[in-house]
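We count ligands from 1, going down the list as the structure has it; atoms in each ligand are counted the same way. None of these values were measured; they are calculated from a predicted model.
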Amino acid sequence: MLNFASLALSAPALLMPPVSAECDVDLELQPPLRSLTPASGIKYGCAGGGPTVQHDRVLLDKFATEANIFVPEGALKWAFTEPQPGQFDFSEADSIADFAARHEMLIHGHTLVWYATIPEWVSQLTTAKDATAALERHITTEVQRYRGKIWAWDVVNEPIEPKDHLENGYRNSVWLRCLGINYVDLAFRLARAADPATPLSLNEYGIEYATAECQRKREATLGLLQKLRDLKTPIDCFGLQSHLQAENTFDHRGLTEFIRSVVKLGYRVMITELDVNDWKIPGTVEERDVTVARHAAEYLDIVFSVARPMSIATWGLSDRYTWMRMYFKRTDGSPLRPLPLDLNYRRKRMWSALAGAMAA
Ligand code: XIL
């Protein structure tokens with residue numbers, strides 16, 4: 001029987017007992033993650049495509065079994081929802097909304113304003129007037145359409161990139177170029193006007209580790225969050241994307257202080273895109289699964305030591321479908337294993353790490 005204690009952080013990976021078929025069977029008998037919500041107050045979500053683009057029924061079944069939040073991995077991004085000015089296409093997003101309603105799931109609204117996955121016409125905007133008009137139409141239409149079905153909206157995604165060498169670590173984007181950093185405030189005000197009840201979040205990545213890069217990201221992100229507080233921008237929560245790298249070392253203090261500051265500013269936190277990249281870690285599949293699970297457990301432990309997140313979402317559910325495969329390849333050619341279920345949809349130790357955190 002695999003229990004959460006077997007992920008104890010102090011035990012070296014190679015001393016962990018091997019994962020046996022028996023322990024997989026035990027995991028399959030555990031109640032699904034979504035059943036832990038009533039006691040924990042934490043919802044579980046996973047990202048993917050809807051029934052119109054995702055034809056794997058087994059996967060969709062697993063979504064409905066494990067999750068009470070469906071995160072459209074692409075369907076709500078601008079390039080898909082408004083490919084031409086004023087011409088909206090909600091076909092995939094609507095199919096997700098139907099699926100979610102049938103399975104008593106909410107949708108995590110990802111995402112309204114991002115520098116990426118925007119159509120050509122948006123990337124070519126050059127004036128404040130045109131950018132404002134585009135944001136007004138887009139945000140109002142999309143947010144009003146899904147009112148009442150959304151768990152939270154990622155209104156602005158990834159506004160920080162110190163590597164762009166712009167003022168205050170702001171990311172270079174069409175929005176920044178046209179409107180300056182005020183685009184963030186504007187986007188949140190438009191979203192709040194279109195749906196006064198749904199939590200609104202700013203989502204960011206790359207803040208977890210003991211590196212100068214993460215340190216800069218933490219500082220710049222906090223700087224922006226502070227500024228938005230001063231402006232009384234209607235933001236309710238901060239989304240920790242949590243794309244983790246199993247070979248990295250957490251900055252316990254830096255991360256703890258970061259989350260503490262976020263909470264002190266009055267924001268709630270969510271874990272929005274958790275996965276653990278194992279492209280660089282050696283070992284057998286079993287050893288890698290242990291390292292991945294332990295890394296996730298260590299991370300969740302740090303976050304929970306400061307704040308209980310409103311929800312935990314993973315960026316995918318089964319290793320069979322992970323965005324990471326497009327960007328990261330292991331030298332031994334074996335498929336990445338960053339998610340809670342394996343290639344055959346069976347629960348892995350990472351699943352236990354999530355269940356353990358939610359049950360704690
Ligand atoms: C990724 C999707 O998973 C890919 O399928 C797509 O091609 C690019 O976007 N941070 C985010 C997500 O906020 O929207 C990204 O999703 C992954 C990184």
Is the NZ or CZ atom of Arg34 both under 6.0 Å from the centre of the six-membered ring of Tyr44 and within 45° of that ring's axis?
->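 The answer is no, since Arg34 fails at least one limit relative to Tyr44.
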May I ask you to check if Arg229 and Tyr267 form a cation-pi contact, with NZ or CZ under 6.0 angstrom from the six-membered ring centre and within 45° of the axis?
->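 Yes, Arg229 sits over the ring of Tyr267.
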Measure the shortest side-chain to side-chain distance between [X] and [Y] over non-hydrogen atoms and say whether it is less than 4.5 angstrom.
X      : Y      : result
Trp78  : Thr117 : no
Ile160 : Lys217 : yes
Asn172 : Tyr115 : no
Leu244 : Leu274 : yes

Within reach of ligand 1, part of Tyr205 (heavy-atom separation under 4.0 Å) |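 It is neither part, as no heavy atom is under 4.0 Å.
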Region of Asn157 engaging ligand 1 - heavy atom pairs below 4.0 Å =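 For Asn157, only side-chain atoms sit under 4.0 Å from ligand 1.
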N/O to N/O below 3.5 Å, does that happen between Tyr327 and ligand 1?
->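 By distance alone, the answer is no.
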Can an N or O of Lys77 be found at a distance shorter than 3.5 Å from an N or O of ligand 1?
->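 The answer is yes, given that Lys77 and ligand 1 share an N or O pair closer than 3.5 Å.
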Does Trp315 have a non-hydrogen atom less than 4.0 Å from ligand 1?
->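 Checking ligand 1 against Trp315, which is what was asked, there is a heavy-atom contact under 4.0 Å.
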Heavy-atom contacts with [X] under 4.0 Å: which atoms of ligand 1 show up? List them by number with element.
X      : answer
His110 : 11 (C), 12 (C), 13 (O), 14 (O)
Glu158 : 10 (N), 11 (C), 13 (O)
His243 : 10 (N), 18 (C)

Report the member of Met326, Arg325, Glu73, Glu273 with the shortest heavy-atom distance to atom 10 (N) of ligand 1.
->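 Going through Met326, Arg325, Glu73, Glu273 one by one, Glu273 has the nearest heavy atom to atom 10 (N) of ligand 1.
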Please check if any side-chain donor atom of Ser334 sits under 3.5 Å from a side-chain acceptor atom of Arg288, or the reverse.
->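 Looking only at side-chain atoms, Arg288 and Ser334 do form a donor-acceptor pair, the distance falling under 3.5 Å.
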